[in-house]
Amino acid sequence: MKSFLQRLPLLGLLIGTTLMLTSCAPKRDRVLHIYIWSDYLADGLVEEFAAANDCEVVIDYYDSNEVLYAKIKGGATGYDLVFPSSYFVRMMAEEGLLQRLNHNNIPNIKNIDPLFVGRVSIDKKMVHSIPYMTGATGIAYRKDEVEDFEPSWRVFERTDLAGRMTLLDDPREVLGAALMVLGHSLNTTNENHIEAAADLVIEWKQNIAQFASEANKAGIASKEFYVVQAWGGDIQQIINENGDENLVFALPEEGFPMWEDTMAIPTGADNVELAEKFINFLHDPVIAARNIEFNSYLCPNWAAYNHLSEETLENPIVIIPKELLGRGKQIQDVREHLAKYTAAWDRVKSAN
Ligand code: N2P
């Protein structure tokens, strides 16, 4: 069994809200409420879990950490399992929004790649969160519509593409891209750098149709948009669905953000037992591999790697090649400096 990092030389590098009800025999005391990013669970998994555990699963979807945080912080109760990015976990835990996890009830955490956790995770001891998926943020474009595409965030300066481009509706992702263009760290705590990044994004804003973390997908598939900032797996999912050979995902030369999404149990969850069981289920090697094959992100579960198809193992969107990985920078927890990003983002959103 090879670890995340041991595979590098072999593989290049290893790298809204919709309600769904899945029910077997609905029993009020056997309901798992999940709040998760859209398009993040392979078809059929939830139904299998529900059948195996004689329960009902209710799923709500979000498209940003900020939406998740605002909802939980605002006192939303009733969720048993949420999927914050690693850079949100410490803050949520310190604010009393997340429970400590009982590892005895999640034995499949033995399958989690320790080198990934050691090198990448923030909550390394998995006190409040368990790794779910990791991936990269880049630019998807239509090669049938865009001439002379260069893999640079500066594409958003192109006035010939005005109205045909979108940026994610996500402060750390968008300000992070601009920070990289300006030669700064995407985790900077320097207010001048963050404000300069906001100025640049306000320039880009003149050329984009909207900030969109979900509508970017259907929009580029339908040719409404030609260039979108996107999470890699989301674009691969569209390619898998419709075989569109004109849709390309590029990792910009200035650098690109990488992230780790995690699983966590909110304080006051009604059904901790089912939440733990679902986390454990998602780290079963075969289930984790099915999930990777579906969503084209990488679950850092080293036992799952042996169950992946050759096609997935060779897909640079799922397993980022070593020669590109050096440009990837993990979005980190900037602690109290997050307020600087929030203020800069408010200025971006309200700018004309
Ligand atoms: C889910 C996309 C991953 C979210 N569709 C990025 N944190």
Side-chain angles (χ1 to χ4, degrees), residues 15-18 20 34-43 45-46 59-72 81-92 116 120-123 129-140 166-177 186-187 211-221 228-241 247 249 251 256-264 282 288 290-301 315 317-320 328-334 338 341 345:
I15 147 166
T17 299
T18 305
M20 183 178 104
I34 296 175
Y35 195 29
I36 186 172
W37 302 82
S38 308
D39 305 322
Y40 225 11
L41 288 166
D43 294 341
L45 290 190
V46 167
I59 309 185
D60 244 342
Y61 299 98
Y62 57 84
D63 63 6
S64 75
N65 286 295
E66 290 73 21
V67 168
L68 164 67
Y69 173 73
K71 197 150 187 176
I72 303 295
L81 183 61
V82 296
F83 291 69
S85 295
S86 59
Y87 55 92
F88 260 72
V89 168
R90 188 234 6 117
M91 178 174 72
M92 292 180 75
F116 174 86
V120 177
S121 290
I122 296 174
D123 182 5
S129 63
I130 303 287
Y132 178 56
M133 293 282 164
T134 182
T137 309
I139 303 168
T166 66
L167 288 163
L168 291 167
D169 192 1
D170 189 308
R172 293 299 305 278
E173 294 281 11
V174 177
L175 291 167
L186 88 166
N187 297 306
F211 291 99
S213 299
E214 267 305 300
N216 57 346
K217 299 169 66 176
I220 198 154
V228 298
Q229 184 186 27
W231 295 307
D234 284 25
I235 299 304
Q236 184 63 49
Q237 288 169 33
I238 304 174
I239 295 170
N240 293 346
E241 279 164 27
L247 188 49
F249 183 72
L251 293 171
F256 56 88
M258 296 187 70
W259 38 264
E260 176 199 0
D261 290 337
T262 73
M263 299 183 270
L282 292 180
R290 275 174 60 191
N291 231 353
I292 297 168
E293 297 280 353
F294 164 81
N295 67 31
S296 298
Y297 294 107
L298 187 65
C299 177
N301 175 312
N315 185 335
I317 292 181
V318 184
I319 295 167
I320 300 176
K329 300 287 178 242
Q330 201 75 18
I331 304 177
Q332 298 291 350
D333 176 5
V334 291
L338 184 64
Y341 285 86
W345 187 243

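Each ligand, and each atom within it, is numbered from 1 in the order the structure gives.
The ring of Tyr132 has its center no closer than 6.0 angstrom to the ring center of Trp37. Under the 6.0 Å cut-off for aromatic ring centres, Trp259 and Tyr297 qualify, their centroids lying closer than that. Aromatic ring centroids of Tyr62 and Tyr35 lie under 6.0 Å apart.
Closest of all the heavy-atom pairs between Ser129 and Thr262 is CB-OG1, 3.4 Å.
Residues Asn216 and Gln229 bring no donor and acceptor atom of their side chains to less than 3.5 Å of each other. Side-chain contact, Arg172 with Asn187: a donor N or O sits under 3.5 Å from an acceptor N or O.
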Please tabulate protein-ligand N/O pairs under 3.5 Å for ligand 1, atom names and distances to 0.1 Å.
residue	atom	partner	partner atom	Å
ligand 1	5 (N)	Ser38	O	2.6
ligand 1	5 (N)	Asp234	OD1	3.0
ligand 1	5 (N)	Asp234	OD2	3.3
ligand 1	7 (N)	Asp261	OD1	3.2
ligand 1	7 (N)	Asp261	OD2	2.9

